[in-house]
**Student:** 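Would you mind keeping the following structure in view while I ask a few things?
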Number of protein chains: 2
Amino acid sequence: MAKRVSHRDSMCGVARPLDAIGDWWSLLIVRDAFDGLRRFGEFQKSLGLAKNILSARLRNLLAHGIMETVPAADGSAYQEYVLTEKGRGLFPLLVALRQWGEDFFFEPDEAHVLLVDRKNGLPVRRLELRAQDGRVVGAEDTMVRLPSAS
Amino acid sequence: MAKRVSHRDSMCGVARPLDAIGDWWSLLIVRDAFDGLRRFGEFQKSLGLAKNILSARLRNLLAHGIMETVPAADGSAYQEYVLTEKGRGLFPLLVALRQWGEDFFFEPDEAHVLLVDRKNGLPVRRLELRAQDGRVVGAEDTMVRLPSAS
DNA sequence: CTCGGGTGGTTTTAATTTGAAACCATCGTG
DNA sequence: CACGATGGTTTCAAATTAAAACCACCCGAG
């Protein structure tokens, strides 16, 4: 972890999160956690990764406060891994990733899982970024501004 | 690349994109591309990564159709790297990553760059996921549904 | 033309990370 | 208490990443 950022000490708002979840597996673990998985063995079976890797990834997610361990759920003395609020904050990112995947990584006729409204089973809308005035804005309509100079 | 997905051949809608951009650097390159960077040297200077790594990442982004090379911009015989439509489709994901980073990786008083509306300089709103009926929905309000069985 | 610096890489080699498998401690049930 | 399941850690080989050296090409000055 903690790949060095060589040319500047303070990482930007995009790079900093990537230090916490910038590897293949972490996001998949988080996604599985959203799907209700909680136990070490469940994650391992679902993702099919080596136990030492899962162990390291969970440790990292814990260290970053994205997941936490809770004592039990079914009374047994084992612990379970659940998302913190910070972890649950990754939901939009996962949706964005999923929608991008659906757009560009599946053939038009290829079946894939859908993210649907629990209430009525209808697919959710597309993620949209809006300006203060409510306009939907794309990359061309935005820019990054440095922190207001002191 | 192409880390093997051991337990199931067909990767899900989240895992498949991660194969293309699931490493630290690729997303940062894409972000820089959104910021207008185009040349090999620009990316290298901005990100401060080894040239062989940048070379490999750009090759990977090209192979996945996320970026493409265009002959020139200022007449010189060099080539430049620009986002394809697929690459531009990553904008919501980058915004989601940035907003999550702002929420949880910065002290409340810590200065950071803002994503603002080009038109009036105001910060953009928060990304929102809406259901068909327009309700803003969170993770608890949604579920994944398997492709409608044949 | 040719010298020299800037650009855009590739090659080489070492260090780090990943992954598979074996090992081990604890839990929980019969 | 025995025994399988759970939840890891350790060990070691393989793959990836990174730093640095090297190299080819473009391009302007002389």
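A, B, ... follow the sequence lines: proteins, then strands. Residue 1 opens every chain.
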**Student:** Taking only N and O in the side chain of B/Trp24, is any of them less than 4.0 Å away from OP1 or OP2 of D/dT17?
**Tutor:**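 Indeed not, no polar side-chain atom of B/Trp24 lies that close.
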**Student:** Check the distance between D/dC27's C1' and B/Asp74's CG and give it to me in whole angstrom.
**Tutor:**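 After rounding, the reported distance stands at 12 Å.
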**Student:** CG of A/Leu37 versus P of D/dT6: gap in Å, rounded?
**Tutor:**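 The distance from CG of A/Leu37 to P of D/dT6 comes to 14 Å, rounded to the nearest Å.
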**Student:** Identify the pairs formed between an N or O of the protein and an N or O of nucleotides 27-29 of chain C at a distance under 3.5 Å, and give each distance.
**Tutor:**
from	atom 1	to	atom 2	distance (Å)
C/dC27	O4'	A/Tyr78	OH	3.4
C/dG28	OP1	A/Ala77	N	2.3

**Student:** If you measure from the Lys or Arg side-chain nitrogens to the Asp or Glu carboxylate oxygens, is any gap between B/Arg16 and A/Glu110 under 4.0 Å?
**Tutor:**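 Looking at A/Glu110 together with B/Arg16, the answer is yes, because their closest N to O distance falls below 4.0 Å.
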**Student:** Looking only at heavy atoms, what is the nearest atom pair of B/Glu80 and B/Arg38, with distance?
**Tutor:**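 For B/Glu80 and B/Arg38, the tightest heavy-atom pair comes out as OE1-NE, 2.6 Å.
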**Student:** Give a yes or no on whether a salt bridge exists between B/Asp117 and B/Lys119, defined as a side-chain N under 4.0 angstrom from a carboxylate O.
**Tutor:**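 Salt bridge between B/Asp117 and B/Lys119, a charged N being under 4.0 Å from a carboxylate O: no.
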**Student:** Distances under 3.5 Å only, N/O to N/O: pair up the protein atoms with those of nucleotides 8-10 of chain D.
**Tutor:**
from	atom 1	to	atom 2	distance (Å)
D/dG8	OP2	A/Tyr81	OH	2.8
D/dG8	N7	A/Lys51	NZ	2.7
D/dG8	O6	A/Lys51	NZ	2.6
D/dT9	OP1	A/Arg59	NH1	3.4
D/dT9	OP2	A/Ser55	OG	2.4
D/dT9	OP2	A/Arg59	NH1	3.3

**Student:** If I take atom CG in residue B/Leu49 and atom C1' in nucleotide C/dG8, what distance separates them, rounded to the nearest angstrom?
**Tutor:**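 Checked: the CG to C1' distance equals 13 Å.
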**Student:** Round to the nearest Å and state the distance from A/Gln44 atom CD to C/dA21 atom P.
**Tutor:**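 Result: 12 Å.
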**Student:** For B/Arg88, is there an ion pair with B/Glu68 - N to carboxylate O distance below 4.0 angstrom?
**Tutor:**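 B/Arg88 and B/Glu68: not salt-bridged.
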**Student:** Strictly by modelled atom types, are A/Asp23 and A/Ser26 linked by a side-chain donor-acceptor pair under 3.5 Å?
**Tutor:**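 Distance-only check passes for A/Asp23 and A/Ser26.
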**Student:** For B/Arg57 and C/dT10, give me the distance from atom CZ to atom C1', rounded to whole Å.
**Tutor:**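 Interatomic distance, CZ of B/Arg57 to C1' of C/dT10: 16 Å.
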**Student:** Can you tell whether the side chains of A/Glu128 and A/Arg126 come within less than 4.0 Å, N to carboxylate O?
**Tutor:**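 No, no charged N to carboxylate O under 4.0 Å.
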**Student:** Does a side-chain N or O from A/Arg39 land closer than 4.0 Å to OP1 or OP2 of D/dT6, or not?
**Tutor:**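 Checking D/dT6 against A/Arg39, no side-chain N or O comes under 4.0 Å of OP1 or OP2.
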**Student:** Does the structure place the NZ or CZ of A/Lys51 under 6.0 Å from the centre of the six-membered ring of A/Phe40, at an angle of no more than 45° from the ring's axis?
**Tutor:**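 No; the conditions do not both hold, so A/Lys51 does not lie above the ring face of A/Phe40.
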**Student:** Using whole Å, what does the distance between atom P of nucleotide C/dT12 and atom CD1 of B/Ile53 come to?
**Tutor:**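 The distance from CD1 of B/Ile53 to P of C/dT12 comes to 16 Å, rounded to the nearest Å.
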**Student:** Test the A/Arg39-A/Tyr81 pair against the cation-pi criterion, namely NZ or CZ under 6.0 angstrom from the six-membered ring centroid and within 45° of the ring axis.
**Tutor:**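 Relative to the ring axis of A/Tyr81, which defines the angle, A/Arg39 lies outside at least one limit.
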**Student:** Please give, in whole Å, the distance from C/dG8 P to B/Glu42 CD?
**Tutor:**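 Interatomic distance, CD of B/Glu42 to P of C/dG8: 8 Å.
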**Student:** Look at the aromatic rings of B/Phe105 and B/Trp100 and report parallel, tilted or perpendicular, splitting at 30° and 60°.
**Tutor:**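 Plane angle over 60°, so perpendicular.
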